[in-house]
Amino acid sequence: MSNIQGKVVIIMGASSGIGEATTKKLAQEGAKLVIAARREDRLKALVESLTNNEISYAVADVTNKDEVQAVVDLAIEKYGRVDILYNNAGVMPLSPLSEKRFDEWRQMLDINIMGVLNGIAAVLLPIMKKQQSGQIIATDSVAGHVVWPGSAVYSGTKFAVGAIMEGLRQEERESNIRSTIISPGAVATELYKTISNPELSESVKEGQRTPGFGLASEDIANAVAYVIGQPEHVSINEILIRPTKQDA
């Protein structure tokens, strides 16, 4: 029997890409799932495709702490506990600082950083600390470890996620709460659609079209499942996963 069998897992940002692939993977492994995102049509279709599984969905914007709390409340109402929260929602509107895209900067700060904090706040007290167990995972990025032209603000948000999750580990290790960041390199997802700078958007799309380059969402889902499947005394704090041919 899988160590994932029967665990209660919340996945934020579950309607496409890594979140969708992780939902399918964990459902296959027998997890009890509550998934959330902004696009109800995609959530509904995903749930309907996973027959004979314990899975519910809720529409939620991770920048709205009340909506995030409602997702957690749904999990408690259905299952009485939360074993894992996966903060996966994110955007990547790359651009040079000189373009002064203030609205995009704010969007990244709100979704990539506050979205993670809203999730942590919703499950940490009183649920996981009361349980004296739990696992919080966040999708970070290779951009949380390196910076390149056009990524300054995006990388800044991902460096912040790494710092927040390490702080969580240090503060809550005595409560038996584990924290993990999954840092993918190039993955073939819809994230490029959040890039409004034409040159950078085309560059990312071109990279995804290159045969043999880039990861699939399922590759990241497998990494998440590996982390969740570890026994409670084992805490995988960070996974950095690149395509073999990626340079940076």
Side-chain angles (χ1 to χ4, degrees), residues 1-62 64 66-91 111 115-116 118-119 122-123 127-128 131 133-139 178 180 182 184 187-193 208 214-232 236 239 241:
M1 181 179 294
S2 167
N3 285 335
I4 298 172
Q5 179 81 35
K7 288 188 175 179
V8 179
V9 184
I10 296 172
I11 301 177
M12 308 300 296
S15 62
S16 65
I18 293 169
E20 179 183 6
T22 303
T23 297
K24 292 177 179 178
K25 175 66 176 179
L26 298 184
Q28 181 183 5
E29 296 289 334
K32 299 176 180 179
L33 293 163
V34 175
I35 64 173
R38 292 178 295 177
R39 295 176 289 188
E40 184 172 14
D41 57 335
R42 293 202 176 190
L43 291 172
K44 185 177 180 181
L46 180 55
V47 169
E48 290 175 349
S49 73
L50 297 171
T51 57
N52 302 318
N53 289 281
E54 292 190 79
I55 180 170
S56 301
Y57 76 85
V59 177
D61 182 336
V62 296
N64 186 317
D66 294 330
E67 292 183 7
V68 174
Q69 186 65 59
V71 176
V72 175
D73 292 344
L74 175 61
I76 293 296
E77 178 185 337
K78 289 188 68 68
Y79 304 117
R81 61 184 292 112
V82 176
D83 297 307
I84 298 103
L85 167 69
Y86 181 22
N87 281 314
N88 175 63
V91 292
I111 295 175
V116 169
N118 288 339
V123 296
I127 298 167
M128 288 186 175
Q131 292 172 175
S133 69
Q135 191 169 25
I136 299 175
I137 304 170
T139 299
R178 296 176 288 166
T180 303
I182 308 288
V187 184
T189 70
E190 297 178 5
L191 200 57
Y192 75 89
K193 292 182 179 180
Q208 292 189 3
L215 301 168
S217 296
E218 290 76 13
D219 297 323
I220 312 305
N222 289 336
V224 175
Y226 170 76
V227 168
I228 294 173
Q230 300 306 304
E232 281 205 9
I236 307 296
I239 292 182
I241 175 169

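Residues take their numbers from the sequence shown, with the count starting at 1.
Of the possible polar contacts, one joining the D219 side chain to the A216 backbone as a donor-acceptor pair under 3.5 Å is found. A side-chain donor-acceptor contact under 3.5 Å links E67 to the backbone of D61. Side-chain atoms of N64 never come within 3.5 Å of backbone atoms of V62 as a donor-acceptor pair (strictly under, hydrogens ignored). In this structure, N87 contributes its side chain and A138 its backbone to no donor-acceptor pair below 3.5 Å. Between the D83 side chain and the V8 main chain, a donor and an acceptor come within less than 3.5 Å of each other.
A distance of 8.0 Å separates CD1 of I84 from CD1 of I4, quoted to the nearest 0.5 Å. Of the inter-residue distances, the one linking S133 atom OG with I127 atom CD1 reads 11.0 Å to the nearest 0.5 angstrom. If you take CG on L46 and CZ on R42, they are separated by 10.5 Å, rounding to the nearest 0.5 Å. With rounding to the nearest 0.5 angstrom, the OH atom of Y226 is 10.5 Å from the OG1 atom of T180.
Under the side-chain contact (heavy atoms from CB on, under 4.5 Å) test applied with T22, the options T139, V224, I220 reduce to a single match, V224. The one candidate from V34, V82, V123 that meets the side-chain contact (heavy atoms from CB on, under 4.5 Å) condition with I76 is V82. Considering K44, R38, R39 as possible partners of S15, the one that fulfils the side chain to side chain donor-acceptor pair (under 3.5 Å) test is R39.
Nearest heavy-atom pair, S56 versus L74, reported as atom, atom and distance to 0.1 Å: CB-CD2, 4.4 Å. Residues A223 and I239 approach most closely at O-CD1, 4.0 Å, considering heavy atoms. When all heavy atoms of Y79 and I55 are compared, the pair lying nearest together is OH-N, 4.0 Å. Nearest heavy atoms, A37 versus A14: CB-N, 3.9 Å. Shortest non-hydrogen contact noted between I35 and V47 is CD1-CG2, 3.9 Å. Of all the heavy atoms in R178 and K7, the pair that sits closest is NH2-NZ, 4.4 Å.
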Q. Where do I137 and I228 land on the side-chain contact (heavy atoms from CB on, under 4.5 Å) test, with the steps shown first?
A. CA-CA 9 Å; I137 304 170; I228 294 173; 3.7 Å; yes
- Could you walk me through whether M12 and N118 pass side-chain contact (heavy atoms from CB on, under 4.5 Å), step by step? CA-CA 11 Å; M12 308 300 296; N118 288 339; over 6 Å; no
May I have the list of side-chain donor-acceptor pairs in residues 23-32 shorter than 3.5 Å, sequence neighbours left out?
| residue | atom | partner | partner atom | Å |
| --- | --- | --- | --- | --- |
| T23 | OG1 | G19 | O | 2.8 |
| K24 | NZ | E20 | OE2 | 3.4 |
| E29 | OE1 | S2 | OG | 3.1 |

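Side-chain contact between I18 and Y86 is present, with at least one heavy-atom pair separated by less than 4.5 Å.
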